[in-house]
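Inspection log for the structure reproduced underneath, given as C-alpha coordinates.
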Amino acid sequence: MKLSIPTLLAAGLFAGLSFAGSSLAAQDDTADAAPSLESLVAARSEEDRARDIYRHPAETLAFFRVEPGMTVAEVLPGGGWYTRILAPWLGADGTLYGINYSPRMWPLFQRGETWEKERKAATKAFSGDVERYTDNGIKAAGFNFDSIPADIMGTVDRVLVIRALHNLNRFDSQAGTMSQALAAMRGILKPGGLVGVVQHRLAESAPEAGSDGSRGYLKQSTVVALFEAAGFELVDSSEMNANPKDQPGPEDVVWRLPPSLSGSEDDPEARAAVTAIGESDRMTLLFRKPG
(Lines give C-alpha, C1' and ligand atoms only; values in the text may rest on other atoms or scores of the structure.)
Protein backbone atom coordinates (compact mmCIF):
# COMPACT_ATOMS: atom_id res chain seq x y z
CA MET A 1 0.00 0.00 0.00
CA LYS A 2 1.32 3.39 -0.98
CA LEU A 3 0.85 6.07 1.70
CA SER A 4 0.83 9.78 1.03
CA ILE A 5 3.23 12.18 2.78
CA PRO A 6 0.37 13.77 4.82
CA THR A 7 -0.62 10.31 6.02
CA LEU A 8 2.95 9.47 6.99
CA LEU A 9 3.34 12.80 8.79
CA ALA A 10 0.14 12.20 10.72
CA ALA A 11 1.43 8.77 11.70
CA GLY A 12 4.69 10.27 12.97
CA LEU A 13 6.77 8.16 10.57
CA PHE A 14 8.78 11.18 9.39
CA ALA A 15 9.50 12.50 12.87
CA GLY A 16 12.82 14.32 13.01
CA LEU A 17 12.90 14.93 9.24
CA SER A 18 12.34 18.38 7.72
CA PHE A 19 10.61 19.21 4.47
CA ALA A 20 11.03 22.37 2.45
CA GLY A 21 7.29 22.54 1.82
CA SER A 22 6.33 22.44 5.50
CA SER A 23 9.05 24.98 6.30
CA LEU A 24 7.69 27.35 3.67
CA ALA A 25 4.18 26.90 5.00
CA ALA A 26 5.38 27.88 8.48
CA GLN A 27 7.06 30.94 7.02
CA ASP A 28 3.83 31.87 5.24
CA ASP A 29 1.90 31.57 8.51
CA THR A 30 4.42 33.86 10.22
CA ALA A 31 4.26 36.37 7.40
CA ASP A 32 0.46 36.48 7.58
CA ALA A 33 0.41 36.94 11.35
CA ALA A 34 -0.54 40.41 12.61
CA PRO A 35 2.35 42.34 14.17
CA SER A 36 2.47 42.36 17.94
CA LEU A 37 1.94 45.52 19.94
CA GLU A 38 5.54 45.34 21.09
CA SER A 39 6.83 45.15 17.52
CA LEU A 40 4.72 48.15 16.47
CA VAL A 41 6.06 50.16 19.40
CA ALA A 42 9.64 49.16 18.57
CA ALA A 43 9.26 50.12 14.90
CA ARG A 44 8.45 53.80 15.56
CA SER A 45 10.79 56.72 15.03
CA GLU A 46 13.72 57.25 17.37
CA GLU A 47 12.12 60.51 18.52
CA ASP A 48 8.91 58.77 19.56
CA ARG A 49 10.74 55.87 21.22
CA ALA A 50 12.81 58.27 23.32
CA ARG A 51 9.76 58.84 25.55
CA ASP A 52 8.99 55.15 26.08
CA ILE A 53 11.14 54.94 29.20
CA TYR A 54 8.65 57.23 30.93
CA ARG A 55 5.42 56.41 29.08
CA HIS A 56 5.55 52.60 28.67
CA PRO A 57 3.06 52.55 25.78
CA ALA A 58 2.89 48.80 25.17
CA GLU A 59 2.40 48.03 28.85
CA THR A 60 -0.10 50.87 29.25
CA LEU A 61 -2.29 49.82 26.32
CA ALA A 62 -2.19 46.22 27.50
CA PHE A 63 -3.27 47.37 30.98
CA PHE A 64 -6.15 49.28 29.34
CA ARG A 65 -7.09 46.05 27.50
CA VAL A 66 -6.93 47.68 24.07
CA GLU A 67 -7.11 45.05 21.33
CA PRO A 68 -7.17 45.03 17.50
CA GLY A 69 -10.59 45.59 15.97
CA MET A 70 -11.87 47.73 18.84
CA THR A 71 -13.46 51.15 18.63
CA VAL A 72 -11.29 53.53 20.66
CA ALA A 73 -11.67 57.22 21.47
CA GLU A 74 -8.45 59.09 22.24
CA VAL A 75 -8.96 62.30 24.22
CA LEU A 76 -6.75 65.21 23.13
CA PRO A 77 -4.58 63.37 20.57
CA GLY A 78 -2.24 66.37 20.39
CA GLY A 79 0.82 65.69 18.27
CA GLY A 80 -0.19 62.08 17.65
CA TRP A 81 2.31 60.29 19.90
CA TYR A 82 -0.22 57.63 20.96
CA THR A 83 -2.20 57.87 17.71
CA ARG A 84 0.81 56.56 15.81
CA ILE A 85 0.61 53.40 17.92
CA LEU A 86 -3.15 53.03 18.12
CA ALA A 87 -3.93 53.40 14.40
CA PRO A 88 -1.79 50.46 13.21
CA TRP A 89 -2.58 48.38 16.31
CA LEU A 90 -6.37 48.60 16.01
CA GLY A 91 -6.10 47.56 12.36
CA ALA A 92 -8.50 47.59 9.42
CA ASP A 93 -11.39 46.32 11.54
CA GLY A 94 -10.88 49.01 14.18
CA THR A 95 -12.12 52.56 14.56
CA LEU A 96 -10.22 55.46 16.12
CA TYR A 97 -11.84 58.71 17.21
CA GLY A 98 -9.94 61.79 18.32
CA ILE A 99 -11.83 63.91 20.84
CA ASN A 100 -10.67 67.47 21.48
CA TYR A 101 -11.74 70.05 24.01
CA SER A 102 -14.86 72.05 23.20
CA PRO A 103 -14.07 75.18 21.14
CA ARG A 104 -15.20 77.44 23.97
CA MET A 105 -12.38 76.07 26.13
CA TRP A 106 -9.45 77.20 23.97
CA PRO A 107 -9.83 80.95 24.68
CA LEU A 108 -9.56 80.20 28.41
CA PHE A 109 -5.85 79.43 27.88
CA GLN A 110 -5.29 83.02 26.72
CA ARG A 111 -2.68 82.12 24.12
CA GLY A 112 -3.97 84.17 21.25
CA GLU A 113 -6.25 83.82 18.26
CA THR A 114 -3.71 82.08 16.00
CA TRP A 115 -3.06 79.37 18.58
CA GLU A 116 -6.80 78.89 19.08
CA LYS A 117 -7.38 78.46 15.34
CA GLU A 118 -4.62 75.85 15.17
CA ARG A 119 -6.17 73.86 18.01
CA LYS A 120 -9.61 73.97 16.43
CA ALA A 121 -8.22 72.95 13.02
CA ALA A 122 -6.54 69.90 14.57
CA THR A 123 -9.94 68.30 15.17
CA LYS A 124 -10.88 68.36 11.50
CA ALA A 125 -7.40 67.17 10.54
CA PHE A 126 -7.47 64.06 12.74
CA SER A 127 -8.68 61.57 10.12
CA GLY A 128 -6.08 62.86 7.66
CA ASP A 129 -3.37 62.47 10.30
CA VAL A 130 -4.39 58.84 10.84
CA GLU A 131 -4.13 58.20 7.08
CA ARG A 132 -0.57 59.52 7.19
CA TYR A 133 0.33 57.21 10.05
CA THR A 134 -1.02 54.00 8.47
CA ASP A 135 -2.57 52.78 5.22
CA ASN A 136 -4.42 49.87 6.85
CA GLY A 137 -7.85 51.36 6.15
CA ILE A 138 -8.85 51.98 9.78
CA LYS A 139 -11.90 54.20 10.17
CA ALA A 140 -11.07 57.51 11.86
CA ALA A 141 -12.86 60.76 12.72
CA GLY A 142 -12.29 63.78 14.94
CA PHE A 143 -14.79 65.76 16.97
CA ASN A 144 -15.11 67.86 20.12
CA PHE A 145 -16.73 67.04 23.44
CA ASP A 146 -19.68 69.25 22.51
CA SER A 147 -20.15 67.91 18.97
CA ILE A 148 -20.16 64.12 19.35
CA PRO A 149 -22.28 62.50 16.59
CA ALA A 150 -25.38 60.80 17.91
CA ASP A 151 -24.65 57.60 15.98
CA ILE A 152 -21.52 56.78 17.98
CA MET A 153 -23.22 56.97 21.36
CA GLY A 154 -22.90 53.62 23.10
CA THR A 155 -20.54 52.18 20.46
CA VAL A 156 -17.04 52.76 21.90
CA ASP A 157 -15.03 49.99 23.59
CA ARG A 158 -12.29 52.13 25.16
CA VAL A 159 -11.75 55.80 25.95
CA LEU A 160 -8.14 56.81 26.59
CA VAL A 161 -7.49 59.98 28.59
CA ILE A 162 -3.73 60.35 28.65
CA ARG A 163 -2.35 63.46 30.36
CA ALA A 164 -5.51 65.40 29.48
CA LEU A 165 -7.57 65.69 32.68
CA HIS A 166 -5.81 68.61 34.36
CA ASN A 167 -7.06 71.32 32.00
CA LEU A 168 -10.57 69.89 31.98
CA ASN A 169 -10.61 70.15 35.76
CA ARG A 170 -8.81 73.49 35.80
CA PHE A 171 -11.60 75.20 33.85
CA ASP A 172 -14.55 73.22 35.17
CA SER A 173 -15.71 75.96 37.53
CA GLN A 174 -15.71 78.47 34.66
CA ALA A 175 -17.09 76.39 31.82
CA GLY A 176 -18.19 72.99 33.15
CA THR A 177 -15.49 71.31 31.08
CA MET A 178 -14.80 68.29 33.29
CA SER A 179 -18.47 67.60 33.90
CA GLN A 180 -19.18 67.73 30.17
CA ALA A 181 -16.22 65.49 29.30
CA LEU A 182 -17.11 62.80 31.84
CA ALA A 183 -20.72 62.76 30.69
CA ALA A 184 -19.56 62.46 27.07
CA MET A 185 -17.20 59.59 27.88
CA ARG A 186 -19.95 57.70 29.65
CA GLY A 187 -22.34 58.37 26.79
CA ILE A 188 -20.13 57.06 23.99
CA LEU A 189 -19.01 53.91 25.83
CA LYS A 190 -20.70 50.58 25.45
CA PRO A 191 -22.06 49.07 28.69
CA GLY A 192 -19.01 47.54 30.34
CA GLY A 193 -16.66 49.74 28.28
CA LEU A 194 -13.47 51.00 29.90
CA VAL A 195 -11.76 54.36 30.39
CA GLY A 196 -7.98 54.31 30.68
CA VAL A 197 -6.42 57.28 32.48
CA VAL A 198 -2.81 58.41 32.70
CA GLN A 199 -2.45 61.68 34.60
CA HIS A 200 0.29 63.79 36.19
CA ARG A 201 0.01 63.05 39.90
CA LEU A 202 0.29 65.30 42.91
CA ALA A 203 1.02 63.81 46.33
CA GLU A 204 -2.03 63.35 48.53
CA SER A 205 -0.24 65.32 51.26
CA ALA A 206 0.20 68.38 49.04
CA PRO A 207 -1.80 71.53 49.87
CA GLU A 208 -5.13 71.89 48.10
CA ALA A 209 -4.07 75.22 46.66
CA GLY A 210 -2.81 74.60 43.12
CA SER A 211 -4.10 71.02 43.07
CA ASP A 212 -6.97 71.81 40.67
CA GLY A 213 -4.94 71.07 37.53
CA SER A 214 -3.69 74.61 36.94
CA ARG A 215 -0.12 73.39 37.52
CA GLY A 216 -0.75 70.25 35.43
CA TYR A 217 -1.13 67.97 38.45
CA LEU A 218 -4.12 66.31 40.10
CA LYS A 219 -4.35 64.13 43.17
CA GLN A 220 -5.25 60.51 42.50
CA SER A 221 -8.05 60.66 45.06
CA THR A 222 -9.52 63.62 43.15
CA VAL A 223 -9.54 61.73 39.85
CA VAL A 224 -11.12 58.63 41.38
CA ALA A 225 -13.79 60.73 43.09
CA LEU A 226 -14.62 62.57 39.86
CA PHE A 227 -15.08 59.37 37.88
CA GLU A 228 -17.07 57.64 40.58
CA ALA A 229 -19.36 60.67 40.89
CA ALA A 230 -19.91 60.43 37.12
CA GLY A 231 -21.08 56.82 37.44
CA PHE A 232 -17.87 54.90 36.71
CA GLU A 233 -16.34 52.07 38.72
CA LEU A 234 -12.62 51.87 39.46
CA VAL A 235 -11.40 48.55 38.05
CA ASP A 236 -7.65 48.67 38.59
CA SER A 237 -4.63 50.91 39.12
CA SER A 238 -0.96 50.57 38.27
CA GLU A 239 2.34 52.22 39.14
CA MET A 240 3.92 51.49 35.75
CA ASN A 241 4.08 55.20 34.90
CA ALA A 242 5.16 56.38 38.35
CA ASN A 243 8.30 58.50 38.81
CA PRO A 244 9.24 59.05 42.47
CA LYS A 245 11.90 61.57 41.40
CA ASP A 246 9.14 64.04 40.54
CA GLN A 247 8.46 65.85 43.81
CA PRO A 248 6.97 69.22 42.80
CA GLY A 249 7.11 72.11 45.23
CA PRO A 250 4.16 74.42 45.87
CA GLU A 251 4.97 76.58 42.84
CA ASP A 252 6.27 73.94 40.45
CA VAL A 253 4.38 73.25 37.24
CA VAL A 254 4.54 69.98 35.32
CA TRP A 255 5.78 71.77 32.20
CA ARG A 256 9.14 72.42 33.88
CA LEU A 257 9.93 68.76 33.14
CA PRO A 258 10.74 67.02 29.85
CA PRO A 259 9.68 67.22 27.14
CA SER A 260 8.55 70.85 27.65
CA LEU A 261 11.42 72.06 29.89
CA SER A 262 9.57 75.32 30.35
CA GLY A 263 11.43 77.99 32.33
CA SER A 264 14.93 76.57 31.96
CA GLU A 265 15.63 77.59 28.36
CA ASP A 266 18.36 80.05 29.40
CA ASP A 267 19.61 78.22 32.49
CA PRO A 268 21.72 75.12 31.67
CA GLU A 269 22.04 74.16 35.34
CA ALA A 270 18.29 74.27 35.94
CA ARG A 271 17.70 72.44 32.68
CA ALA A 272 20.08 69.66 33.72
CA ALA A 273 18.35 69.34 37.09
CA VAL A 274 14.85 68.86 35.68
CA THR A 275 16.14 66.63 32.88
CA ALA A 276 17.62 64.37 35.57
CA ILE A 277 14.15 64.06 37.12
CA GLY A 278 12.63 62.89 33.84
CA GLU A 279 8.96 63.10 32.96
CA SER A 280 6.25 63.50 35.59
CA ASP A 281 5.04 61.08 38.21
CA ARG A 282 1.81 59.60 36.81
CA MET A 283 -1.16 57.63 38.02
CA THR A 284 -2.51 54.92 35.72
CA LEU A 285 -6.14 54.05 36.35
CA LEU A 286 -8.81 51.91 34.70
CA PHE A 287 -12.52 52.67 35.07
CA ARG A 288 -15.59 50.80 33.82
CA LYS A 289 -18.99 52.02 32.70
CA PRO A 290 -21.37 49.64 34.49
CA GLY A 291 -23.04 47.17 32.17
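Only a predicted model underlies this, so the values are computations on that prediction, with no experimental measurement involved. Side chains included, hydrogens not; waters and symmetry mates left out as well; all remaining heavy atoms used.
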To the nearest 0.5 Å, tell me how far [X] [atom1] sits from [Y] [atom2].
{"X": "R84", "Y": "T134", "atom1": "CZ", "atom2": "OG1", "value": "13.0 Å"}
{"X": "Q220", "Y": "T284", "atom1": "CD", "atom2": "OG1", "value": "8.5 Å"}
{"X": "L182", "Y": "F287", "atom1": "CG", "atom2": "CZ", "value": "9.5 Å"}
{"X": "N136", "Y": "L90", "atom1": "CG", "atom2": "CG", "value": "8.5 Å"}
{"X": "L108", "Y": "N167", "atom1": "CG", "atom2": "CG", "value": "10.0 Å"}

Locate the shortest heavy-atom distance separating [X] from [Y]; write the atom from each residue and the value.
{"X": "G154", "Y": "K190", "answer": "O-CG, 3.3 Å"}
{"X": "G278", "Y": "P258", "answer": "O-CD, 3.2 Å"}
{"X": "S211", "Y": "K219", "answer": "CB-CE, 4.3 Å"}
{"X": "P290", "Y": "G231", "answer": "CD-O, 3.1 Å"}
{"X": "F64", "Y": "V198", "answer": "CZ-CG2, 3.8 Å"}
{"X": "S237", "Y": "L285", "answer": "CB-CD2, 3.6 Å"}

Min side-chain heavy-atom separation [X]-[Y] under 4.5 Å:
{"X": "N169", "Y": "L218", "result": "yes"}
{"X": "P248", "Y": "R256", "result": "yes"}
{"X": "M178", "Y": "L165", "result": "yes"}
{"X": "P68", "Y": "W89", "result": "yes"}
{"X": "S214", "Y": "R170", "result": "yes"}
{"X": "F232", "Y": "L189", "result": "yes"}
{"X": "T95", "Y": "V156", "result": "no"}
{"X": "R282", "Y": "Q199", "result": "no"}

Does the [X] side chain pair with the main chain of [Y], one donor and one acceptor, at a distance under 3.5 Å?
{"X": "R215", "Y": "D252", "value": "yes"}
{"X": "D236", "Y": "L286", "value": "no"}
{"X": "S127", "Y": "A141", "value": "no"}
{"X": "R49", "Y": "R44", "value": "yes"}
{"X": "E265", "Y": "G263", "value": "yes"}
{"X": "R104", "Y": "A175", "value": "yes"}
{"X": "S238", "Y": "M240", "value": "yes"}
{"X": "D93", "Y": "G69", "value": "no"}
{"X": "T60", "Y": "H56", "value": "yes"}
{"X": "R158", "Y": "R65", "value": "yes"}

Note to self: Connecting only ILVMFWY residues whose side-chain heavy atoms lie within less than 4.5 Å of each other, what is the rest of W255's hydrophobic cluster?
What the structure shows: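 L202, Y217, V253, V254, L257, L261, V274, I277, listed by chain and number.
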
Checklist line | side-chain contact (heavy atoms from CB on, under 4.5 Å) assessment of I148 paired with I188 | finding: CA-CA 8 Å; I148 297 175; I188 64 176; 3.7 Å; yes

Checklist line | Those residues that, when tested against R55, pass salt bridge (Lys or Arg N to Asp or Glu O under 4.0 Å) (two or more places apart) | finding: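 Salt bridge (Lys or Arg N to Asp or Glu O under 4.0 Å) check on R55 returns E279.
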
Should [X] and [Y] be counted in the same cluster of Ile, Leu, Val, Met, Phe, Trp and Tyr side chains packed under 4.5 Å apart?
{"X": "V75", "Y": "V130", "result": "no"}
{"X": "I162", "Y": "L226", "result": "no"}
{"X": "I99", "Y": "L96", "result": "no"}
{"X": "L194", "Y": "M70", "result": "yes"}
{"X": "M283", "Y": "V159", "result": "yes"}

Next item on the list: Decide if the gap between the ring center of F145 and the ring center of Y101 is smaller than 6.0 angstrom.
Entry: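 Judged by ring-centre distance (under 6.0 Å), F145 and Y101 do not meet the cut-off.
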
Next item on the list: Take the angle between the ring planes of F109 and F171 and call it parallel below 30°, perpendicular above 60°, tilted in between.
Entry: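 Taking F171 first and then F109, their aromatic rings stand perpendicular (interplane angle over 60°).
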
Notebook entry, point to check: Is it the case that E74 and T83 place a side-chain donor and acceptor less than 3.5 Å from each other?
Noted result: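 E74 vs T83: donor-acceptor pair found between side chains.
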
Checklist line | Donor-acceptor side-chain pairing of N243 and S280 below 3.5 angstrom | finding: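 No, S280 and N243 have no side-chain donor paired with an acceptor closer than 3.5 Å.
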
Checklist line | CA sep, side-chain torsions, deciding dist, call: H166, H200, side-chain contact (heavy atoms from CB on, under 4.5 Å) | finding: CA-CA 8 Å; H166 48 282; H200 312 296; 3.7 Å; yes

Margin query: Under the rule for side chain to side chain contact (heavy atoms under 4.5 Å, CB included), what residues qualify as partners of T123, not counting sequence neighbours?
Written below: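 Testing T123 for side chain to side chain contact (heavy atoms under 4.5 Å, CB included), a comparison that skips the adjacent residues, returns N100, N144.
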
Checklist line | Worked verdict on Q180 versus S102 for side chain to side chain donor-acceptor pair (under 3.5 Å) | finding: CA-CA 9 Å; Q180 179 189 58; S102 300; 2.7 Å; yes

Note to self: Counting only heavy atoms from other residues, nucleotides and ligands, does the tally under 6.0 Å from CD of E269 exceed 12?
What the structure shows: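 At most 12 heavy atoms, drawn from other residues, nucleotides or ligands, come within 6.0 Å of this atom.
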
Notebook entry, point to check: Crowded around K124 NZ? As in, over 12 foreign heavy atoms under 6.0 Å?
Noted result: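 12 or below, so no.
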
Margin query: Does L61 form a side-chain contact (heavy atoms from CB on, under 4.5 Å) with L86? I'd like the steps, not just the answer.
Written below: CA-CA 9 Å; L61 292 178; L86 287 167; 4.0 Å; yes

Note to self: Set out, in order, the CA-CA distance, both residues' side-chain angles and the distance that settles salt bridge (charged side-chain N to carboxylate O under 4.0 Å, His left out) for E118 and R111, then state yes or no.
What the structure shows: CA-CA 11 Å; E118 291 172 350; R111 295 189 184 180; over 6 Å; no

Notebook entry, point to check: Step by step, would you call V41 with L37 a side-chain contact (heavy atoms from CB on, under 4.5 Å)?
Noted result: CA-CA 6 Å; V41 167; L37 178 57; 4.3 Å; yes

